[in-house]
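Chain A is the first sequence line, chain B the second, and so forth, proteins listed ahead of strands; every chain is numbered from 1. Predicted model, so just to flag it, every value in this text is computed and none were measured.
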Amino acid sequence: MSLALDIRCSGEGGFKLRLKSDIPGEGVTAIYGPSGSGKSTLLDCIAGLRQPDSGEIYFGGQCWFAADRNTPPWHRRIGYVFQDARLFPHLSVAGNLDYARRRARGSPPMAQAQLYQTLGLSKLLPHLPATLSAGQKQRVAIGRALLGAPRLLLLDEPLANLDQQASAECLGLLQQIASELELPMIYVSHDIEEVSQLADHLLLLDGGELQDEGSLLALCSRLDSRLAHEEQAAALLQGSIQAQDDTFSLTEINVEGETLYVNHLQQPVGSARRLRIPARDVSICRSRPEDSSILNILPVTVEEIETCRGARLLLRLRLGEQHLLARITRKSADRLALQVGDSVFAQIKSVALLSEAGDQP
Amino acid sequence: MPLSPAEVDVIGLTASLAAVTTVILLLLGTPLAWWLANRRSNTSAVIEALVALPLVLPPTVLGFYLLLALAPDSPLGQLWQQLTGTRLAFSFSALVIGSVIYSLPFVVQPLQSAFQSLPRGLLQAGATLGATPWDQFRSLVLPLTRRSFIAAASLGFAHTVGEFGVVLMIGGNIPGETQVLSIALYDQVETLRFDEAHRMAGGLVVFSLALLFFIYRNNGPVAWRVKV
């Protein structure tokens, strides 16, 4: 059930959104871009809360919007988690959840007891929304959206109002929900770290236009993508936990047959793990350093070299089937005489190997 | 000191006039206030001004025009005559029409400001959960603005009980048909029956005070303030 979009929508202050895309009907699609790029406008068009000027929206072959029709939001069977939770203030948590359940047009994607347990809702049931913390409100909002038995879950910067701890907790829950449910999710965010932890697919939006789209892992390490040129540019590596090193409180992660050490993770051996490696934390050596304090050194091949601005260079490095980015100075590249195709070693500061929020040292 | 049958009649008539008027006002005023709260145009400003007019006009002016509009030879009066076979002017129905117009701002304005301050986002959340507009109104708007509805109904009721000028012009003074409290009181004073006048006036003061106390306690002092 993919979502086919081809819309034009003008917003406040001369803002114009023009977008054509096919959003996959599975996994998490992130809509990423700076504020004012049209992310929320796009989400509201998908939800039916805002009517595009023209174009078409089809969900799984069903027409939601076209020249002669507009399915109202209450008939679209979506779940929407708003940035500000929007719990009904006159109803208790139980009342808010019942509101969704009574109007659900199908059975929810997760059994109620399991949902309450996952989101930790049982203890909150009798309370009014005004007495909840921001993190609790957002958990209730996620539960409410899921109890409505949606076929598509929309999330508009759900972590933006949360403090660091609540945000990490909530992100963990969303990851769990995304991996356990076969429910397509569209996640709007301007935070690339959130996006890289959650998304499978990425839409890059700027000035109301689609800049790029594709699989997150591929897009993050492509030099021609705008993502690679941001200050916090980072590549994503997919790996799995291969062993726990209790002596040094480290966890070994296998990526393409190489071992990476990260701070101890409470997860069983074998579980998949996504690692985010900022380009600025990767340095290059011609030979494997034996006397370095840095633990994580990977043999890689230089695949592309791009001069960005001034003193710096951006390298795309291949590790098996995956890619790393490294930002180094032009002077270093010159001294090492780096060429495309060279086999070198990438040194990664171990602190850069943070993956999920909440595990950070 | 029991009330005389005539006084009981007067009070009963006044109460039923206020009750019927309040019900009609809620039925008419709610959609009107909703429309005004959601539209910003010259048309809505004109309607808003018309609704607020009874706040600034002397009631006798309103009564005078209503008297002309409801007269037996007017189009409305004739239509009424054909439909019901009865005369409209100087009837209970005429009083209801006059009271509805006169008390309209007291119902529409608190509702309108309540609707305007209602966060749209909550209704959007309801819509994404599958609530149709009518469902949203019933399950979200009504409970969230309940206090304003109580205030609007109480104000509409109290204001109808207290009206004088309009009733005087279009109601006449027919006992059991159009003789309401304020008119009866006027009558009593004119004919120097001060004992009865004291009972009516005092009763009305106590009733109004109790009702206003109830509104203020229910709502806080600012929620229903009438904007002129």
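A:Arg101 forms no cation-pi arrangement with A:Tyr99, by the criterion of a distance under 6.0 Å to the ring centre and an angle within 45° of the ring axis. Figure legend: cation-pi geometry between A:Arg50 and A:Trp64 absent, as NZ or CZ is not positioned both under 6.0 Å from the six-membered ring centre and within 45° of its axis.
Using a 4.5 Å cut-off between heavy atoms, A:Arg102 makes no contact with chain B at all. No part of A:Leu154 comes within reach of chain B, as not one of its non-hydrogen atoms sits under 4.5 angstrom from that chain. Heavy-atom distances place no part of A:Arg76 under 4.5 Å from chain B, backbone and side chain included.
Contact annotation: the side chain of A:Phe15 never approaches that of A:Cys9 to less than 4.5 Å [non-hydrogen atoms, C-beta and beyond].
The structure places CG of B:Leu13 at 7.0 Å from CG of B:Leu95, a figure rounded to the nearest 0.5 Å.
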